[in-house]
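Everything below concerns the one structure shown next.
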Amino acid sequence: MHISTKLSHLKNNPYQVFFSLDLWLLTIWGFLLLGVVSRLFVYLDCQNLWLDEAFLAKSIYHTPWGQILGKPLEWDQATPLGFLLITKGLGEMFGHGEMVLRFLPFCASVALLFVFWAITKELLTPKWQLVAMMIFVGSKTLVYYAAEFKQYEIEALCSAILLLAFIRGASFLRFLLLSAVVVLFSYGGVFLICGLGAGYIYRHRQNLPHFIKHNVLAALSFSVYFALLYFYYIAPQAVPGFKQWWGALAGFPPINPIELVRWLSAQFLPAIRDFALGGNIRALWLFVLLTLLGVLYIARIQRALVAGLVCFVAIYWLAGFMKLYGFAVPYNILGARLALFWQPLFVLCAACGIAWLYEKLAKSRLGGGANIYLFAAILLYIASISIKNNHQILTHSFPKGDMSALILHTQNNIKPDDVLLMQHATQSVAEYYQYRHNFYPDHTYIATNAWAGSLLPLIQESKHDRVFAILQNNDRQYIQEIKDTYPHAIHLDSGFSLFIIDKHQ
């Protein structure tokens with residue numbers, strides 16, 4: 001149909017604008033563009049590494065190639081083998097700058113948008129594809145981890161790829177070959193592989209002996225491969241610090257049913273609230289309900305997928321109960337990082353739930369022309385929140401401290417007889433930028449206690465006339481105490497604090 005004919009048709013039938021295939025596709029591409037721009041923005045913004053990123057960066061560039069297998073990384077860090085090898089290789093070729101370290105997560109974030117759209121095209125009509133994409137593009141967590149030197153965005157991409165392969169009916173052998181790559185880049189993907197593996201069994205339940213006969217060798221080969229990867233790389237990284245940290249913050253679900261309900265309400269749901277549009281608990285509860293309804297929608301199309309997802313959830317929760325894998329802690333957007341790998345599933349099911357609920361309402365007394373207004377209201381509401389979230393991202397909603405500026409200032413002003421004191425919690429970031437700027441002063445001391453208050457006694461006891469002290473900004477009480485004790489001290493604030501204290505003044 002010629003474009004002028006289409007416009008004339010829409011003019012004579014204005015309600016049809018909501019059911020124009022070209023309009024859906026054009027709007028989907030518009031939100032895809034918005035998603036790519038947001039991710040490109042946070043990547044090119046090139047903010048300083050924060051604590052965990054710096055810990056991981058130091059662990060990677062300090063670890064010789066020959067010592068990657070069989071021993072844990074420094075600083076209680078853990079990251080999939082494929083992510084480590086590629087990042088280490090990129091670092092040695094192009095340097096360990098922020099953009100090099102974050103290149104792989106950024107590429108994964110862009111690819112994830114298109115893989116997720118491909119998934120929606122398998123299950124949803126174009127108008128519901130648009131709803132799913134608006135929700136997905138509006139996710140703050142996915143945008144944040146697009147420029148985070150961690151594996152979590154790659155894990156989300158791996159989950160989406162596995163899901164797409166299963167939905168498209170890939171053979172079990174191809175699924176295992178794909179899984180062999182996924183386990184190199186995603187720890188959480190292991191749970192999804194097991195769940196979807198059960199989905200394959202359900203899919204072939206009518207001819208199960210034949211399915212087992214033709215795939216048992218491939219399954220055994222994959223099991224041996226994963227066992228070698230686990231015992232030589234993954235298991236050595238399971239250091240006590242991991243369980244201690246997540247356990248101390250209640251990151252594992254309790255087994256007691258009453259405690260579990262409290263944990264879900266006070267711990268888990270607040271941590272993943274940014275998985276839902278709006279980033280609040282009420283929106284999240286709605287999304288949880290929609291996700292459950294979405295399972296009913298998917299069951300009409302792919303029951304094997306529902307069986308696989310149910311098995312995945314069961315295995316995932318079992319790992320949580322056994323304290324093998326942390327869930328989430330209510331620690332702003334960072335608390336949900338281990339759960340990020342299943343966000344594509346969550347959003348997909350929620351979008352399917354919206355479609356299911358709309359179909360039910362359309363068959364009710366709201367039928368007729370009211371359907372258009374109902375859908376328009378849904379569309380406008382989701383679009384407004386998605387655009388709002390991306391606007392916040394484009395206006396620096398994820399600021400990180402600029403340690404690089406403080407290290408450069410120290411490097412340009414410190415003298416041989418001066419001393420550099422660092423709060424223990426800032427050590428990873430400070431030492432990373434010391435490495436980047438090739439700055440190693442003669443006198444450097446690190447407080448053994450993580451809290452900022454431990455620096456003041458060190459400043460007072462120091463025998464050096466001039467002290468450069470670097471600490472976090474999260475404890476304003478101690479920062480003010482240093483100011484009160486040394487009123488003539490120079491204080492620089494860049495998200496971290498640098499005090500230059502001349503003890504003779």
Side-chain angles (χ1 to χ4, degrees), residues 115-136 139 142 156 158-170 175 188-189 191-205 253 260-261 264-265 268-269 272-273 275-277 281-320 327-328 336 339-364 375 378 382:
V115 174
F116 184 76
W117 184 26
I119 293 172
T120 65
K121 288 193 284 188
E122 298 293 326
L123 300 176
L124 297 165
T125 58
K127 67 179 181 181
W128 298 116
Q129 293 172 31
L130 172 59
V131 170
M133 291 307 301
M134 287 193 301
I135 298 171
F136 203 68
S139 167
L142 290 174
C158 288
S159 296
I161 291 173
L162 288 173
L163 198 60
L164 180 62
F166 184 89
I167 292 172
R168 285 184 171 175
F175 178 79
F191 304 121
L192 188 57
I193 290 168
C194 294
L196 293 180
Y200 271 99
I201 293 175
Y202 181 87
R203 178 178 284 170
H204 296 88
R205 64 191 183 282
L260 178 60
V261 172
L264 285 170
S265 178
F268 183 66
L269 292 176
I272 65 167
R273 65 183 182 274
F275 280 21
L277 283 176
I281 295 298
R282 284 179 295 180
L284 183 60
W285 276 111
L286 175 61
F287 263 58
V288 170
L289 174 62
L290 291 172
T291 298
L292 296 176
L293 296 178
V295 172
L296 299 177
Y297 182 96
I298 295 173
R300 299 184 308 185
I301 308 168
Q302 290 228 10
R303 289 190 177 182
L305 176 59
V306 174
L309 294 182
V310 169
C311 290
F312 154 68
V313 171
I315 296 168
Y316 178 60
W317 277 87
L318 180 62
F327 271 40
L340 195 70
F341 77 96
W342 53 260
Q343 190 172 0
L345 287 71
F346 182 61
V347 174
L348 176 67
C349 290
C352 290
I354 295 172
W356 183 91
L357 187 61
Y358 174 83
E359 289 179 1
K360 296 300 180 183
L361 291 174
K363 294 177 182 178
S364 68
F375 180 71
I378 294 172
I382 296 175

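Between A170 and Y200, the shortest heavy-atom contact is O-OH, 2.7 Å. Across all their heavy atoms, G197 and F175 have their closest contact at N-CE2, 4.4 Å. For A156 against L340, the heavy-atom pair with the smallest separation is CB-O, 3.8 Å. Annotation for P253 and L260: closest pair CB-CD1, 3.9 Å, computed over non-hydrogen atoms. Across T120 and A132, no two heavy atoms sit closer than the pair CG2-CB, 3.8 Å.
With hydrogens and angles ignored, the 3.5 Å screen pairs a side-chain donor or acceptor of R203 with a backbone N or O of F166. Listed for the Q302 side chain is a donor-acceptor partner under 3.5 Å among the backbone atoms of I167. A donor-acceptor pair is defined here as one N or O able to donate and one able to accept, closer than 3.5 Å; such a pair exists between the side chain of T291 and the backbone of F287.
For the pair L196/L162, a side-chain contact is recorded, criterion being any heavy-atom separation below 4.5 Å from C-beta on. For the pair L124 and V131, the minimum side-chain heavy-atom distance is 4.5 Å or more.
Ring geometry for F312 against F341 counts as perpendicular: the plane angle is over 60°, on a 0 to 90° scale with 30° as the lower cut. By the 30° and 60° cut-offs, the orientation of the rings of W317 relative to F327 is perpendicular.
Separating the CD1 atom in I135 from the CZ atom in F116 is a distance of 7.5 Å, to the nearest 0.5 Å. In this structure, CG in L164 is found 9.5 Å from NZ in K121, a value given to the nearest 0.5 Å. Separating the CG atom in L123 from the CZ atom in R300 is a distance of 11.5 Å, to the nearest 0.5 Å.
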Counting only pairs under 3.5 Å, give me each side-chain donor-acceptor contact of residues 342-352, with atom names and distances, residues two or more places apart or in other chains.
{"from": "W342", "atom 1": "NE1", "to": "Y316", "atom 2": "OH", "distance (Å)": "3.0"}
{"from": "W342", "atom 1": "NE1", "to": "A339", "atom 2": "O", "distance (Å)": "3.4"}
{"from": "Q343", "atom 1": "OE1", "to": "T141", "atom 2": "OG1", "distance (Å)": "2.8"}
{"from": "Q343", "atom 1": "NE2", "to": "S139", "atom 2": "OG", "distance (Å)": "2.7"}
{"from": "Q343", "atom 1": "NE2", "to": "T141", "atom 2": "OG1", "distance (Å)": "3.4"}

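Partners of R303 according to the side-chain contact (heavy atoms from CB on, under 4.5 Å) rule, which considers only residues two or more places apart in sequence or in another chain, are Y202.
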